[in-house]
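The basis for the numbers below is simple: all heavy atoms, side chains too, and nothing from hydrogens, waters or symmetry mates.
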Amino acid sequence: MKVILAEKPSVAREIASVLGIQNKSNGYFENQCFTVTWAFGHLVQLCGPEAYGYKSWAKENLPILPIQFKLQPKQTKSEKGYIDDPGVLSQLNIIRGLFERSEGIIVATDAGREGELIFRLIYAFLDCTKPFQRLWISSLTEKAISEGLKSLKRGEEFDSLFQSAKCRAESDWLVGINATQALTLSAGNKSLISLGRVQTPTLALICQRYLENTSFKSTTYFLVRLLLTKNDQSFYALAIKDNKPHHFATSEEAEKIVRQVANQIAVVEDIQEETIKEPSPLLYDLSTLQQDANKRFGLSADQTLSTAQDLYERKLITYPRTGSRYIGDDVFESIPALIESVRLFPPFAKQAGALIGKPLSTRSVNAEKVTDHHALIPTENKAGELSGHHKIVYTLIVGRMLEAFSDYCSKLVTNAFFKVEGCNYQFATKGVLITQEGWRSVLNIQEDDKEQQLPSLEALETLPIQKAEPVCQKTKPKPLYTEGTLLKAMETCGREIEDDQIRAAMKDCGLGTPATRAATIETLFSRLYIERQKKSLIPTAKGLAVYELVKDQKISQPLLTGEWEQKLEEIRSGESTVSDFKKSISLYTEELTHDLLGTNNGSNTSFTNGATLFVCPKCKRGNIVIRDKAAGCSEYKSGCDFTIWRTLAGKKLSEANITQLLEKGKTAIIKGFEKKSGGTFDAGIMIDENLKTAFFFKR
């Protein structure tokens with residue numbers, strides 16, 4: 001008998017159903033040939049520092065560098081601290097018993113890095129030595145499961161994948177544990193200052209962009225615009241210099257040009273036409289799906305991932321945690337049938353029908369660029385009625401498949417140049433005419449909606465200037481990150497690269513992986529380091545304070561972390577060794593710990609009792625220091641007078657009250673303020689628009 005270990009109960013049920021197993025026991029399904037059991041995601045984790053004898057936090061203990069990492073069952077929080085999760089212990093005991101009485105194991109955890117790690121940690125923790133094979137599939141359809149069970153892979157084929165996952169987990173432990181303890185101890189802080197290998201450079205990206213944006217000083221400039229008309233079709237032309245719109249520094253300069261050309265004739269000097277074939281977009285990987293879902297529908301990265309995972313478990317899409325945007329020739333053979341099945345999905349019945357029997361684009365077909373899993377595509381199963389996030393995500397995936405295999409979009413781009421007598425500036429305009437919609441007809445999204453269409457123009461013809469005017473413009477800062485643009489920045493370590501293929505080539509040296517980036521962003525939210533402002537991500541005062549502490553340290557450098565991700569990918573592909581990576585991460589941890597332990601040396605800022613977790617909301621330079629009578633800005637000698645008095649209406653605010661006030665801008669309702677006339681009242685404290693404290697009352 002063989003035991004099949006799935007990652008979740010729902011997947012175990014699907015496998016049992018395909019095998020015709022109906023007999024269910026406590027924690028597994030069983031027949032004469034197979035037992036099918038499951039984990040609940042990670043059942044086993046790396047032990048904490050306590051397991052190595054470090055019961056308390058102390059500078060002399062750092063860095064903590066275990067020679068061999070120990071394993072323990074997943075922990076849960078209780079009144080007495082963290083204990084082994086009872087449900088986890090129960091399932092581990094069931095798995096142990098099944099392993100012991102089996103002749104071999106079939107690994108059916110998710111076919112990816114984390115899925116491999118989940119199984120291998122269980123296998124190691126239970127001291128199991130039974131042989132195992134790997135079920136490696138990209139969807140949970142009956143066909144995929146059946147074919148996968150007939151072509152099981154040798155377990156050792158995935159040793160390098162496991163080593164990559166193990167190195168990632170251990171490096172996250174080393175950096176996270178040591179950096180967090182070092183900075184918290186250095187700050188003399190009773191409040192936890194959490195740092196992480198991917199978390200901290202991601203926070204740095206958000207903080208840097210926020211500070212650039214808020215400190216940006218906009219400057220005014222002017223354009224000169226002509227309104228021209230031919231055959232009742234109007235269009236605009238701008239004054240140019242060096243082949244780009246000229247920015248006039250003052251309105252007077254622009255007005256001078258306006259006076260020169262007003263009521264004159266514009267002569268067509270030159271016309272340049274070019275036909276551009278815009279290729280169809282590549283299929284989705286997880287990251288680009290998350291970016292589009294956020295940009296178009298406001299879904300968070302985590303919402304998109306969890307929805308896609310659910311669609312996968314419903315057998316409607318292929319494995320979502322993929323970093324590839326390509327499929328192989330074998331999958332391409334199934335695409336015509338998939339397109340035919342999509343005709344039953346109402347939003348795309350017409351678009352799918354238009355592709356039937358036509359040659360399909362092969363831009364997304366390249367077996368050499370398929371990694372662990374091919375790009376995201378729907379399965380042959382009928383979706384039925386979907387709603388909410390499920391409908392959004394499924395519609396995006398189906399729509400992208402139809403776009404990817406559609407023909408190119410053809411555009412006629414016309415650049416026309418004009419001269420006006422008596423004016424030293426040339427004027428130019430650009431027109432775009434789509435001559436073949438191609439892939440753009442699927443979703444009917446016109447990226448060039450700001451570009452105008454031009455009438456037919458000929459060289460040397462003259463057009464009357466209907467209107468000449470100055471147009472006031474202001475320089476703009478780089479926009480704040482949204483989750484979508486942050487995911488793109490994480491792919492390229494903050495470097496702004498728009499080209500899909502270049503970004504794809506860099507995907508192995510970004511911050512985190514497509515499967516882990518959503519969790520990193522959610523961690524920043526849970527730590528109260530960032531918050532949403534409509535679609536934008538902004539750092540909290542706490543997040544800015546942490547960034548200020550580590551901005552000059554290696555842990556905040558996205559490119560360095562990206563290099564580690566590249567090394568981890570090289571371990572997966574067999575191009576790099578585990579020992580070399582472990583040596584480099586241990587050396588880095590030692591240097592980082594030393595640097596962070598000295599973070600506050602020589603500083604004029606007091607870190608007592610967590611005071612420096614918050615940047616001053618007034619001057620944005622100093623930190624808030626909590627003292628006995630008041631909390632105030634560390635830059636008071638430079639003129640910042642921001643102050644929160646600790647005693648208000650006879651009631652002394654606790655440090656927790658001050659922390660909540662600085663984090664959220666207001667406290668919860670506090671009981672026991674004293675009235676001047678006698679008696680007490682309950683109220684909350686808020687920071688008002690003048691950056692002063694004020695009472696508010698429960699409605």
Side-chain angles (χ1 to χ4, degrees), residues 11 14-15 17-18 111 135-151 279-286 288-289 292 307-322 324-386 390-408 437-444:
V11 179
E14 294 297 335
I15 295 172
S17 175
V18 170
L135 175 67
W136 194 266
I137 54 178
S138 289
S139 75
L140 291 176
T141 63
E142 182 176 343
K143 179 182 177 183
I145 293 172
S146 297
E147 291 180 352
L149 289 170
K150 292 175 184 175
S151 56
S280 54
L282 296 172
L283 290 163
Y284 278 135
D285 62 1
L286 175 60
T288 49
L289 172 66
D292 274 7
T307 303
Q309 183 69 25
D310 194 46
L311 289 170
Y312 168 68
E313 292 174 17
R314 294 189 193 185
K315 300 180 284 186
L316 295 178
I317 65 170
T318 57
Y319 187 64
R321 297 168 188 262
T322 176
S324 175
R325 303 187 68 183
Y326 295 88
I327 60 173
D329 294 309
D330 55 338
V331 179
F332 183 57
E333 291 176 2
S334 69
I335 294 300
L338 283 180
I339 293 173
E340 181 70 50
S341 69
V342 166
R343 295 179 74 176
L344 300 175
F345 187 53
F348 297 113
K350 180 181 177 181
Q351 295 91 324
L355 281 178
I356 302 297
K358 289 187 177 180
L360 301 180
S361 168
T362 58
R363 185 167 183 252
S364 293
V365 184
N366 189 332
E368 293 182 0
K369 294 185 178 180
V370 176
T371 51
D372 293 340
H373 290 279
H374 60 66
L376 259 169
I377 55 175
T379 67
E380 67 272 17
N381 290 340
K382 184 178 178 181
E385 291 294 325
L386 296 174
H390 290 83
K391 185 175 182 179
I392 288 172
V393 173
Y394 185 74
T395 300
L396 283 171
I397 293 169
V398 173
R400 176 49 62 90
M401 180 187 72
L402 295 176
E403 288 180 328
F405 296 110
S406 294
D407 206 351
Y408 58 82
E437 283 192 309
W439 65 269
R440 285 196 177 276
S441 65
V442 175
L443 296 178
N444 198 30

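Between the Thr288 side chain and the Tyr284 main chain, no donor and acceptor come within less than 3.5 Å of each other. Remark: side-chain polar atoms of Ser139 are not paired, donor with acceptor, to backbone N or O of Thr318 under 3.5 angstrom. The backbone N or O of Val331 sits less than 3.5 Å from a side-chain atom of Ser334, completing a donor-acceptor pair. A side-chain donor-acceptor contact under 3.5 Å links Ser364 to the backbone of Leu283. With Arg343 contributing its side chain and Ala349 its backbone, the two residues share no donor-acceptor pair below 3.5 Å. A side-chain donor-acceptor contact under 3.5 Å links Arg400 to the backbone of Leu282.
Screening Leu311, Val398, Leu289, Asp310 for a side-chain contact (heavy atoms from CB on, under 4.5 Å) with Ile317, the sole residue that qualifies is Leu311. Across Ile327, Leu360, Ile335, Val370, a single residue satisfies side-chain contact (heavy atoms from CB on, under 4.5 Å) together with Val365, and that is Ile327.
Phe405 and Phe332 have tilted rings, their planes meeting at an angle from 30° to 60° on a 0 to 90° scale.
Residues Asn444 and Glu437 are in side-chain contact: their nearest non-hydrogen atoms beyond the backbone lie under 4.5 Å apart. Taking the side chain as every heavy atom from C-beta outward, Tyr408 and Ser361 never approach each other to under 4.5 Å. Side chains of Leu386 and Arg314 form a contact here, defined as non-hydrogen atoms less than 4.5 Å apart.
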Quiz item: Would His374 and Thr322 count as a side chain to side chain contact (heavy atoms under 4.5 Å, CB included) if you check the C-alpha gap in whole Å, the side-chain angles of each, and the deciding distance to 0.1 Å?
Solution: CA-CA 7 Å; His374 60 66; Thr322 176; over 6 Å; no
Quiz item: Stepwise, does the salt bridge (Lys or Arg N to Asp or Glu O under 4.0 Å) test hold for Asp407 with Lys358?
Solution: CA-CA 9 Å; Asp407 206 351; Lys358 289 187 177 180; over 6 Å; no
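The structure places CG of Leu149 at 7.5 Å from CD1 of Ile137, a figure rounded to the nearest 0.5 Å. The CZ atom of Arg321 sits 5.0 Å away from atom CD of Gln309, with the distance rounded to the nearest 0.5 Å. Here the straight-line distance linking atom CD1 of Ile145 with atom CG of Leu135 works out to 7.5 Å at 0.5 Å rounding.
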